[in-house]
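None of the values given here were measured: they were computed from a predicted structure.
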Amino acid sequence: MEYPQPVSQSTREEIEHGLSTCAVFLDWPKDRLRELANAARARHYRRRTPLVSRGNHQREVFVIVSGSIEIAATNAAGDKYILSVLGAGQITRMVHLIDDMQPIFAFDARADSHIIHIPGAAMRRILDAEPVLWRSIAQTMLRRYRLSAEILQDQVLGSVRRRTAITLLNMVYRYGDASGAPCDTELRVSQTDLANMLGVSRQTVGKELAQFKDEGVLGCNEGYRLVTVVDLPRLHRIAAED
């Protein structure tokens, strides 16, 4: 989708700043980032609002400026699988940079969120005009591919304890982020969310979280809806257990 009118300078500068918080755009030249910002739009979503309505086939890439979104799928029986929860500074729906691909997941705001919508065609034109910029896209996608492969392996071979630790670490460091530093050790994620990510019961997840809390790895408040990683090195060691 192409937006018909250019944005105002103040709006463009706001969008440009929002884009600059995403690791994918850190090395982009300012003129290219400005060009992308002029093609984009920023929108605010209330909690639990779908970012894409049913039947909407607009080919857009999303950048999360604030808040968080849930990427999930639900089958006909109502069973839900959460692929990931992404926070500020993340980018998603990059599949729309490939012409013949369609996303298979739903995207919903988990909290009040500010999202930048980028037309896939506009972003693709900039990338093709300056091919070196594809590098950051490729690096992000390859990291996420490796992460997906590791998650699949752990689902088959790993213990629930180890899988829970890995899932929490992925949220701390952001899924596929290039940065080596923790983004946030305070995670708003419920036992139900973690159960849907891990494919186990809520009771099983609750037992693991309680154990982590007893070991001093986590601090949990609001009925386990707010998880704080207290001992990050210990969580890393649990994630590395055989």
*Once you round to the nearest 0.5 Å, how far does CD1 of Ile69 lie from OG1 of Thr92?*
5.5 Å

*Might you point out which heavy atoms bring Pro29 and Glu130 nearest each other, and give the distance in Å?*
CG-OE2, 3.6 Å

*Check the side chains of Ser201 and Thr204 for a donor-acceptor pair under 3.5 angstrom, ignoring hydrogens and angles.*
yes

*Would you name the heavy atoms of Leu26 and Ser20 that are closest together and state the gap between them?*
CD2-O, 3.5 Å

Taking only distance into account, with no hydrogens and no angle test, what donor-acceptor pairs under 3.5 Å do side-chain atoms of residues 230-239 form with protein atoms, sequence neighbours excluded?
{"from": "Asp231", "atom 1": "OD1", "to": "Arg234", "atom 2": "N", "distance (Å)": "3.1"}
{"from": "Arg234", "atom 1": "NH2", "to": "Glu215", "atom 2": "OE1", "distance (Å)": "3.4"}
{"from": "His236", "atom 1": "NE2", "to": "Tyr173", "atom 2": "OH", "distance (Å)": "2.8"}

_For Ser136, is there any backbone N or O sitting under 3.5 Å from a side-chain donor or acceptor partner on Thr140?_
yes

*Check whether any side-chain heavy atom of His17 sits under 4.5 Å from a side-chain heavy atom of Arg12, and report yes or no.*
no

*asked:* By the definition side chain to side chain contact (heavy atoms under 4.5 Å, CB included), identify the one residue from Arg59, Glu60, Met123, Met94 that meets it with Ile118.
replied: Met123

*Under 3.5 Å, side chain of Asn38 to main-chain N/O of Arg34, donor-acceptor pair present?*
no

*CD1 on Ile98 to CZ on Arg124, rounded to 0.5 Å*: 8.0 Å

*Can you tell if the side chain of Arg93 reaches within under 4.5 Å of the side chain of Val52, non-hydrogen atoms only?*
yes

*Going by heavy atoms in the side chains, are Phe107 and Ile115 under 4.5 Å from each other?*
no

*With side chain to side chain contact (heavy atoms under 4.5 Å, CB included) as the test, would you mind laying out the steps for Thr228 and Leu218 before giving the verdict?*
CA-CA 6 Å; Thr228 303; Leu218 300 180; over 6 Å; no

*Working to the nearest 0.5 Å, report the span between CD of Gln90 and OG of Ser68.*
11.0 Å

*salt_bridge(Asp27, Arg135) N-O dist < 4.0 Å*: no

*When you look at Asp112 and Arg46, which way does the salt bridge (charged side-chain N to carboxylate O under 4.0 Å, His left out) test go after all the steps?*
CA-CA 4 Å; Asp112 289 357; Arg46 299 294 299 273; 3.7 Å; yes

*With hydrophobic residues grouped by side-chain heavy-atom distances under 4.5 Å, do Val61 and Trp134 end up in a single group?*
yes

*Backbone N/O of Val160 and side chain of Thr164: donor-acceptor pair under 3.5 Å*: yes

*To the nearest 0.5 Å, how far apart are CG in Leu209 and NZ in Lys207?*
12.5 Å

*Got Asp108 and Arg48 here, is their nearest side-chain heavy-atom distance under 4.5 Å?*
no

_Check: Gln211 and Val217 side chains under 4.5 Å, non-hydrogen atoms_ = no

*asked:* Working to the nearest 0.5 angstrom, can you tell me the gap between Leu19 CG and Arg32 CZ?
replied: 14.5 Å

*Given the rule in the side chain to side chain contact (heavy atoms under 4.5 Å, CB included) test, do Ile64 and Thr21 qualify, once you have shown the distances and angles that lead to the verdict?*
CA-CA 9 Å; Ile64 307 158; Thr21 65; over 6 Å; no

*Test side chain to side chain contact (heavy atoms under 4.5 Å, CB included) on Phe25 and Leu36 and set out the steps.*
CA-CA 10 Å; Phe25 302 112; Leu36 187 63; 3.5 Å; yes

*Taking a hydrophobic cluster as the set of Ile, Leu, Val, Met, Phe, Trp and Tyr residues connected by side-chain heavy atoms closer than 4.5 Å, whether directly or through intermediates, do Tyr145 and Ile104 fall within one such cluster?*
no

*For Ala240 against Arg162, the heavy-atom pair lying closest together*: C-NE, 4.1 Å

*For the residue pair Val205 and Gln191, what are the closest heavy atoms and their distance?*
CG1-O, 3.9 Å

_Contact between Asp193 and Arg110 at the side-chain level, heavy atoms closer than 4.5 Å - yes or no?_
yes

*Heavy-atom pair of closest approach, residues Val63 and Gly18*: CG1-O, 4.3 Å

*asked:* What verdict does the side chain to side chain contact (heavy atoms under 4.5 Å, CB included) test give for Trp28 and Leu127, after you've listed the backbone C-alpha separation in whole Å, the side-chain angles of each residue and the deciding distance to 0.1 Å?
replied: CA-CA 10 Å; Trp28 276 45; Leu127 290 165; 3.6 Å; yes

*asked:* Using a 3.5 Å distance criterion without hydrogens, assess whether the side chain of Ser113 forms a donor-acceptor pair with backbone atoms of Ala111.
replied: yes

*Looking only at heavy atoms, which two atoms of Ile15 and Ile116 are closest? And how far apart?*
O-CD1, 3.5 Å

*Is the side chain of His117 donor-acceptor paired with the backbone N or O of Phe62 at a distance under 3.5 Å, no angle test?*
no

